[in-house]
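Have a look at the structure below before the remarks.
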Amino acid sequence: MPANLTAQYKDAELRLRQATSHDEKVEALREMLALLPKHKGTEKLHADLKKRLAKLEEEREHAARSGSHHVDLGHVRREGAGQWALVGPPNAGKSSLLAALTHAHPEIAEYPFTTHVPQPGMMPFEDVQVQLVDTPAIAPGHVEPFLPALVRGADGVVIVLDVAADDLEASLVGTLDVLLHGHVWPEGRPVPDGASPLVVPRPVLVAANKHDLDDAEGTFSQLAREAVGPGLPFFPVSATRGDGLDGLRPWLFRALRKIRVHTKEPGKKADLGKPFVLPEGAAVEALAALVHQDLAARLKFARVWGHARFDGQQVDRHHVLADGDVVELHA
């Protein structure tokens, strides 16, 4: 074994040997690759780890294509402009919030742990849809083993808390622990010392549900906001009465940092139906590739309406697009 392997690397290697599930093996291999020192003595080991990881990921794709009956609860197929995971303690109202924001019909009940498997739904926002995924509750001594992987796979996390709960602060801490186990941390807070090098910042917000139980002065919401502390966007909402949902929808889309772009054919009106969704900072060539790979290869120039210097401005393939632009592609 090459020298200079850290204790963290050896811990990850041990987890790989002990792993029994596909997701555990993938996670351990990714951490080993991140921790492996980069020098000539580790080149062969680096190549071997990448090969093993690629094989595992290929097996997952093959199972998905072949319609395997194995259900990977840590992975929900993405749809729409982006994916948000709804997480939190029992009876906080995650399922009610999913039902209020989407057309999904999850099981909703007064007793805890109603949700057993991930439940996706599509939230309409203007001309796009954003995917929300309800998840099983997080409680001391009760966290579904697939939940950290599901959280890591999402674009962002909505922590749903009961605004009137006595244990709100403890529930928040327990939920953040699950996020950290999934190598996710709120982008508005500094990553804690000693965290895994695989930890990535993601948008995380708190939806303080059951705002309809608050008094006229909003006492519960004020106390909850203090308990949550800085660094986490805070939205008092009511899934049953609809409070705060009109402000939550645009935030969930904009925090994805995506833009919507329409196309038009030369001499015709713009197609203002379903837009193409691209990451912020995307250029014309990225749009062309979404339309068709051959078009991207043959692209000569484009004309842009919206955020160009003037309507119909001719630009090259490297021109950065903005939300709401209309683009005419010329090959």
Kindly say whether [Y] contributes a backbone atom to a donor-acceptor pair with the side chain of [X] at under 3.5 angstrom?
X	Y	answer
N209	V163	no
R52	L29	no
R30	K25	no
D214	S221	yes
D167	A170	no
R152	H181	no
Q131	R77	yes
E13	Y9	no
T42	H39	yes

Min side-chain heavy-atom separation [X]-[Y] under 4.5 Å:
X	Y	answer
L205	F235	yes
L172	L232	yes
E31	H183	yes
L176	R189	yes
Q83	V130	no
H318	E285	yes
V277	I259	no
P192	W185	yes

Distance from [X] atom [atom1] to [Y] atom [atom2], nearest 0.5 Å?
X	Y	atom1	atom2	answer
L295	K300	CG	NZ	11.5 Å
L168	L223	CG	CG	9.5 Å
L179	I138	CG	CD1	7.0 Å
H142	L147	NE2	CG	9.5 Å
L213	T219	CG	OG1	12.5 Å
M122	E79	CE	CD	5.5 Å

task: Please test F301 against R303 for side chain to side chain contact (heavy atoms under 4.5 Å, CB included), starting from the C-alpha separation and ending with a verdict.
output: CA-CA 7 Å; F301 66 91; R303 296 190 184 278; 4.1 Å; yes
Heavy-atom closest pair, residues [X] and [Y]:
X	Y	answer
P148	E144	CD-O, 3.8 Å
A100	L245	CB-CD1, 3.8 Å
L35	P197	CD2-CG, 3.2 Å
T175	G88	OG1-CA, 4.0 Å
R309	Q313	N-OE1, 2.8 Å
P266	H330	CG-CE1, 3.7 Å

field: Audit row: W84, L256, side chain to side chain contact (heavy atoms under 4.5 Å, CB included) steps and yes/no
entry: CA-CA 9 Å; W84 288 87; L256 293 171; 3.5 Å; yes
Treat each ILVMFWY residue as a node, draw an edge where side-chain heavy atoms are under 4.5 Å apart, and state whether [X] and [Y] are in one component.
X	Y	result
M123	V133	no
L252	V160	yes
V157	V191	yes
W251	L161	no
V237	L101	yes

field: Pair D162-N91, side chain to side chain contact (heavy atoms under 4.5 Å, CB included): steps then yes or no
entry: CA-CA 8 Å; D162 181 346; N91 287 346; over 6 Å; no
message: Using the rule given for side chain to side chain donor-acceptor pair (under 3.5 Å), can you reason through D243 versus S238, listing the C-alpha separation, both sets of side-chain angles and the distance that settles it, and then say yes or no?
response: CA-CA 5 Å; D243 302 6; S238 170; 4.8 Å; no
message: I'd like to know whether NE2 of H105 has more than 12 heavy-atom contacts from other residues, nucleotides or ligands below 6.0 angstrom.
response: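 Counting neighbours around NE2 of H105, 12 or fewer heavy atoms of other residues, nucleotides or ligands fall under 6.0 Å, so no.
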- request: Please indicate whether D166 has more than 12 foreign heavy atoms, meaning atoms of other residues, nucleotides or ligands, lying under 6.0 Å from its CG.
  value: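 Incorrect, the count does not exceed 12.
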Whether [Y] and [X] form a salt bridge (side-chain N of Lys/Arg under 4.0 Å from carboxylate O of Asp/Glu) is what I want to check.
X	Y	result
D155	R78	yes
E187	R257	yes
E126	R260	yes
E43	K38	no

- request: Run the numbers on V284 and D316 for side chain to side chain contact (heavy atoms under 4.5 Å, CB included), then give the verdict.
  value: CA-CA 7 Å; V284 168; D316 64 18; over 6 Å; no
query: Please walk me through it: do H262 and D271 pass side chain to side chain donor-acceptor pair (under 3.5 Å)?
result: CA-CA 6 Å; H262 293 88; D271 179 5; over 6 Å; no
